[in-house]
Amino acid sequence: MKSISRRDFLALSAKGAGAAVISTGLMGCDLLDGDDINIQFKHGVASGDPTSTAVILWTRVTPNENGNIKVVWEIATDSAFTNIIANGETLTTSARDYTVKVDAQNLSANTQYFYRFISNDKTSETGVTKTLPTGSVDKVKLAVMSCSNFPAGYFNVYELATQMNDIDAVLHLGDYIYEYARDGYASSNAASMGREVLPAGELFTLSDYRTRYAQYRGDESLQKLHSLTPFITVWDDHEVANDTYKDGAENHSEEEGSFETRKLAALQAYFEWLPIRPIADDNELEIYRSFQFGDLVDLHMLDTRVLGRDKQLDYADYQNSQTGEFDAVSFESDITDQTRTMLGANQLTWIQTQLATSTGTWQLLGQQVLMGKMNLPAAIGLQLMSVSEYAELGALAQLAARAQAEDPTLTQQELTYLQENQSKLTNEKIAQLQLPSIPYNLDAWDGYAYEREVIYGTAKAYGKNLVVLAGDTHNAWANNLKDINTQAVGVEFATSSVSSPGLEYYLDIPEQERLATEAGITDLVSDLQYCNLSDRGFMTVTFTTTQAKADWYFVDTIASKTFNEATSRRKSLTVAVNSNTISEPIQAV
Ligand SMILES: [Fe+2]
């Protein structure tokens, strides 16, 4: 049987778009069709990477035997498909895991479309998508998601997002899948929820990654969200392996084989399963790209993870294993090293050019890791103390200093408290309190300070309204972005996770201390304006000509399919145009 190469298929896909039915050039003997063939659409439909004239349409067929499968696609302005704008036919095979990706072109701007696929007399469900606007635009509303971990819980966050009917596009900032084995990270309740991962082992091969994507895309809530709204996606680390960098990962060892082979398999499966447009045929490595929402928003999607990133620094390399002493001088020298890169030279030059030349009111970066300076006292950052212990001992240390200086304003109550609690201030704890503030996550932009400063400098030099989006942390954050001279250069809004556990889990914060810890961390980190360390959720960001507004939405549980929005945790923050500073929304009167 003649097989279709991957390159042939992509060429067919690209050329198959348009108003006419395009012949695949492959004749009947190569095609599986007829009465013996049974086709199912088990993985729904999806659309992505909209422009003002085109959108990627996606589906996957599940045939009952292997071969070349013909798939017809249609895109129309009505759900009854009486006004078909473009259609075509294409082929899919096992060489691309029976996924179908079509770049439907010659569409109208700012228009809602309906699309579907037909194969061997079976018709897929109908998807809804929308092209980007051109010219003068009043409003753009984006939903922002990250870190959807199948075994960690139900995808109620995706379900909640399906209830919104005014979203222009979903930005998924990565960790769309996780690579761990069935007994791995965040899987303790997976069996009881019926969400144990497939395959059972950790993902290494193309077949492994494909199987995992197929399982995730069997999720009803995720399928529904894909069918309702175009996605614009970038990968983070777990689409390959935890803490990926350009030539390795924390969760990859030499005994596991070639990292490069694993990475290329992972990225191939990503391109097969996500409705993302390759920047060129067979280029499955470079995903940085821009989207223009008329004159209002220029969205620049970055890859801070796979393409150029140098290996992360590690605090363990700066801590004396005998004494615990921290070598702050060496650390400072390494972290500010101008040769350390997160984006790689080409991508850094590209984003500088985009920021300099794009003319939209808002310059929006869709990317993975936190950009704001998240410096915490080292006692907390190195997990030597909890936030509440740090606050308690810090207050005690202040009282002790005042007592030592014979401060006449000390009250009897304060002195009694000091006497009763002074034993907690051991020499070890006092030394820990005196450690400097350090970045809490060296995998984030804090670990690559030079390139962050280059981006800040570019935005500032050209007077741009910079809004940065981030995922990765599994918690919600809002930061004022300030350059090395503490000048405001933009703001950052970061989304919580769909289901992965956050800091409340890593720092083991008891439930009753979570709100106090959120307030405590917001106080301790000077540029931080807000955080939610407790809840799974997503964020919308709405742009107008006068402001950008972030709204965080959370669910009350991911342990049950029955859930409610946790409305008490809803949060809104805004940034006014030309202010580069976060503020509370102005209440309507
Ligand atoms: Fe994650």
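Counting starts at 1 for both ligands and their atoms, following the listed order. FYI, side chains are in, hydrogens and waters are out, and symmetry mates aren't considered; it's all heavy atoms of this structure.
Look at Y178 and the Fe ion (ligand 1): an N/O/S atom of the residue is under 2.8 Å from the metal.
Figure legend: R195 and F155 shown as a cation-pi pair, the cationic atom lying under 6.0 angstrom from the six-membered ring centre and within 45 degrees of its axis. Figure legend: cation-pi geometry between R309 and Y245 absent, as NZ or CZ is not positioned both under 6.0 Å from the six-membered ring centre and within 45° of its axis.
Between Y216 and W273, the ring center distance fails the sub-6.0 Å criterion. Checked against the 6.0 Å centroid threshold, F331 and Y315 count as a close aromatic pair.
Among the heteroatoms counted here (N, O or S) of H474, NE2 is the one nearest to the Fe ion (ligand 1). Residue-level check: among N/O/S atoms of D175, OD2 sits closest to the Fe ion (ligand 1).
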